[in-house]
Each structure stands twice: as structure tokens, then as C-alpha cells.
Q: 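After the C-alpha cells below, expect a handful of questions from me.
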Protein chains: 2
Amino acid sequence: MIPNRLFRQPAENARGKLLEAAVKLVRMQRFAGTSVDHLCRQAGVTKGAFFHHFPSKEALGVAAAQYWSESTGAFFADAPYHHIADSVERVLAYIDFRIALVGGPVEAFTCVAGTMVQETFGTSDAIRRACETSIMTNAGALEADIAEAMAQANVTGTTAASLARHMQAVIQGSFILAKTQEGHACADLAREQLGHLRRYFAMLFKADIPDPL
Amino acid sequence: MIPNRLFRQPAENARGKLLEAAVKLVRMQRFAGTSVDHLCRQAGVTKGAFFHHFPSKEALGVAAAQYWSESTGAFFADAPYHHIADSVERVLAYIDFRIALVGGPVEAFTCVAGTMVQETFGTSDAIRRACETSIMTNAGALEADIAEAMAQANVTGTTAASLARHMQAVIQGSFILAKTQEGHACADLAREQLGHLRRYFAMLFKADIPDPL
DNA sequence: TTTGCAATACCGACCGGTTGGTATGCCTCA
DNA sequence: TGAGGCATACCAACCGGTCGGTATTGCAAA
């Protein structure tokens, strides 16, 4: 799963603690379902500190999306699949890595940006844009690898950018389906769906690389 | 798009009007973001009528998910793709039909059950279960067609049920990505993603049926 | 080195408005 | 005449946000 705590050092100031709390609580109970008071309690700071650092709850939402984007960006930048020489294998290894991250309760592996954009697309343009940036930046990090694999396998009829977005679409969709379940069925269903994503890319790239799982 | 009004006659009693209002408002501003007062205003009834028909807001959410499930179920049961004799073509025609339904503002084509389950999976088991039933029933309606197509094309390594769920996963994921955009880009992005779903199934079934669009 | 002062970081009581929900009354139709 | 189908008035809890105030820090003049 994508751990709630990545490789960032524990926040010591109120702002950092609030962002940590936001990532955790938004995953569990969404943005609108989390009150400012609850956020402060979780972070161990007071309401005064909250509004000292953020002009509004919406501003915290924007900052949390950016914080999430940076954290996950760094996390995936450090991931082991980058060292694989063959581009097709590298792209499939990315999917395998995402599958390996799925586990535990649903709030442990789902995406903060995907959760937030669904609830704020109609009410907060600022948060919507921050979530768009997060998801599309995440997709963009794979584009070069996908483009290389497409050239290698002579894939036509689509673009690397479109395929990179498809990764995100299936990942987000698998999280939605996971949220319809309870207990271990959440992770099982998400993994099953990412397996189809893997199969699609393997067929596209005409690769016959066995699933390591 | 999946029209807000399907083939149901206009509701005349308060209960029906409230369910219609719920489907419309939940699509636009989610469940938690829609107050009981707003719901009543939209339906043209009073708060007394609301709590006469539903013991709580949560109960309305459950009923709305069931109402949505029945409406969409009837809508897809009447759809033209059922008349296609070849099972592979029939499954691809279903995807083409879903692509054709995408259009207009994002609240016109997104899924009520997918929207609701994301915001209630942690707070309301009853609504979560109703949404699960809606999504999985929708998936189940395709299972027989997919099983037939799999047998025809000798597809192994997965199941018809799993592939049917994948349809829903990609559809839900495409809606999430659509919600990161604004204007016509919402529908464009959703259609692009469903195009990948079509390509996956076409490759699985070794079909070379040109996209009609 | 000490003093003065302003900026920063933080505190928690409080406010107006909104929320889901209730209590009660009226009016129609079997 | 009574029971279902509403309407109106109201409530307590909670919400995001404000405000007056304090503790700590950095820095420059004396």
C-alpha cells in the first residue's frame, strides 16, 4: 500500500502536522466529512494555528493535494522499477509495483487526489485544479517510459499520454470498486482490476512476461 | 449521456419526487453536500413530507441508490446492442453504447452509485451496500454476453465476472478523470478512456471491428 | 551586552449560520 | 371518524471562521 507515512521526516511545525492529518483523514472520511476541529485534534494543534497557516479550509485542501502530489511523486521516483533496462518490462513492473502497494484497509492504499476531486469538482475550482495537477503529474511521470515501449512494440492508434492517463483511470476505478467492499475484499478487488490493466499493456506491447505474483 | 430522466413517468407523489431530486442533486453536488432542505426545495415538497417517507437522510440515500439501479437497469435492458447476434460484437457494441452516452456536463453522464459509495464507504454501511448492489448488478447484466464471447474467442486466464467488473472499474475511473477537467474536456477525457476499454476487449477477443465513431 | 520592539507562531473562547431531525397540527378521503 | 399524507414551527448540535490575546524569536539601537 502507499503508506500514510512515506519517507518524509515527522512534521514538527503546525503546518506540517496539519497536512499529515489532512492526508490521513481525507482518505478515511473525505474532505467535506472532516471538520476543521477534527483536523486540529488529529494534528494536535489548535484552531488558531489552523487559521494562522491557512486562510480557509479550502486553502488547506489545495495545500494537501500539493503535499500529496509531492510525497507520492518522490515515493515513485525512488521505486525500484526504474532500474529495469527494457522499457516494456519497466512499464509492466510499474503496474506490478502498484499491485504490490494494494493491501490492508481501503484507506491505506487509495488516492487522496482522486477522493478529493470527486467531492469538490462542483464546489471548489482551486481544489479541483490541484487534484488534476496531482493525477496528471503522476501520469506524466510514466509517459516517457510508455513512449519508449510503444516505439519498441510498434504500437499505433493511441498516444503515450493517453495510455498514461489510462493507468490512472484504471487505478482510480479500482479504488471505487474497492470501496464497495468490506474487509480484505477491498484489496482483493482492486488487485484483480489492476491485473486487467497489466494484461492490456502486456497485449499492447506483445509481451509475454509472466505475472510475478 | 445517461439522461436524468429515463423512461420513467414523472413522479406525482412526494416520495417519487424526492428520489428524482436526489438522483439529480447527488450527481451535481454529492450526497453529503446536498442538504435535506435543498432536496425538499428541488422536489417541491416540505421537510415534513421528507421525514414522513424516509426515517432519515441515510434511508433516502439507500432508496436513491436502489432507484438509480432500477432505472439504469431498465435503460440498459432496452438498449439496442442486445439484438446483435455475434457475442463479441455485442460486447463491443455495449462499450460503444456507453461511449455514445458520454456527453454534456459531467453531472449528466456520471454514476450516482459510484459517486455515493466513495463518500459513504466509511460512514454508512447501508448506503455502501446499496451502491455495491447497483454497480455489481449492472456488471452482472453483461456477464452472460462476456462468457459467450470468451468461449468464442478461447479467452483464458480470467473470468467473465472479473471482466464484467473491469467494465465498471474503467467506467468509474473515466468519470473520476473527467471530474478533474472542466467544460467539454470532461466528456472528451471520459470517451478517450472508454476507448482503451474497447481496445482491451477487442484484443482479448481477437476482434478487428472498427470503432464506429 | 543589554534593551526595545516588531514579526511570527500559536491559543481557545466565541459567533452566526446551517444541519439533520422532531413535535404538532391540518386537511383530505375512505 | 380516523388514518394516511402532508405542512409549519422549532430545536440542539455542529460547522467554518473570527478575534483578542500570549509566548517566542530575531535583530538592531543604545
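We name chains A, B, ... by the order of the sequence lines, and we start the count at 1 in each one.
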Q: Between B/R129 and B/D125, does any side-chain N to carboxylate O distance fall below 4.0 Å?
A: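 A salt bridge links B/R129 with B/D125.
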Q: In whole angstroms, how far is the P atom of D/dG5 from the NZ atom of B/K17?
A: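 It is 14 Å, rounded to the nearest whole Å.
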Q: Any idea which of C/dT19, C/dC10, D/dA7 is nearest the B/S35 side chain?
A: C/dT19
Q: Heavy-atom contacts under 4.0 Å between residues 37-44 of chain B and DNA chain C, which residues?
A: none
Q: Within the structure, does a side-chain N or O atom of A/H52 lie under 4.0 Å from either OP1 or OP2 of C/dA9?
A: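 Result: yes.
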Q: If you apply the rule salt bridge (charged side-chain N to carboxylate O under 4.0 Å, His left out), what do you find for B/E20 with B/K24, and how did you get there?
A: CA-CA 6 Å; B/E20 283 284 346; B/K24 177 170 181 183; over 6 Å; no
Q: Answer yes or no: are there more than 12 heavy-atom neighbours, outside B/H38 itself, under 6.0 Å from its atom NE2?
A: yes
Q: Among the nucleotides D/dT8, C/dG20, C/dG12, which one has an atom lying closest to any side-chain atom of A/K47?
A: C/dG12
Q: Counting distance only, does the side-chain N/O of B/R198 pair as donor-acceptor with the main-chain N or O of B/L92 below 3.5 Å?
A: no
Q: Counting C-beta onward and ignoring hydrogens, is there a side-chain heavy-atom pair between B/R30 and A/T123 closer than 4.5 Å?
A: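 With C-beta onward as the side chain, the pair touches.
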Q: Distance-only, no hydrogens or angles: does the B/R191 side chain make a donor-acceptor pair with backbone N or O of B/I99 under 3.5 Å?
A: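 Checked: no pair found.
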Q: Tell me the bend of the helix from C/dT1-D/dA30 to C/dA30-D/dT1 as the angle between end helix axes, each from five pairs, rounded to the nearest 10 degrees.
A: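 For the helix from C/dT1-D/dA30 to C/dA30-D/dT1, the axes at opposite ends meet at about 0°.
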Q: Tell me: CZ of B/F50 to P of D/dA7, nearest whole Å?
A: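 Value for this atom pair: 14 Å.
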Q: Starting the side chain at C-beta, find the nucleotide from C/dT22, C/dC10, D/dG5 nearest to B/F51.
A: C/dT22
Q: I'd like to know if the side chain of A/Y94 pairs up with that of A/R98 as donor and acceptor (distance under 3.5 Å, no hydrogens or angles considered).
A: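 Distance-only check passes for A/Y94 and A/R98.
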Q: Treating A/S134 as the side-chain partner and A/A130 as the backbone partner, does any N or O pair qualify as donor plus acceptor under 3.5 Å?
A: no
Q: In whole Å, what is the span from the CD atom of B/Q29 to the C1' atom of C/dT18?
A: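 Going from B/Q29 (CD) to C/dT18 (C1'), I get 14 Å.
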Q: Okay, side chain of A/T115, backbone of A/C111: is any donor-acceptor separation there less than 3.5 Å?
A: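 Yes; judged by distance alone, with no hydrogens or angles, the pair exists.
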Q: Just checking A/F76 against A/Y81, ring centres under 6.0 Å apart?
A: no
Q: Check DNA chain D against residues 53-64 of chain A and give the residues with a non-hydrogen atom under 4.0 Å, in numerical order.
A: A/S56, A/K57
Q: Would you say A/E119's side chain and A/A32's backbone share a donor-acceptor pair under 3.5 angstrom?
A: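 Present.
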Q: Please give, in whole Å, the distance from C/dC29 P to B/N13 CG?
A: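 After rounding, the reported distance stands at 16 Å.
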Q: To the side chain of B/A49, which of D/dA7, C/dC10, C/dC11 is closest?
A: D/dA7
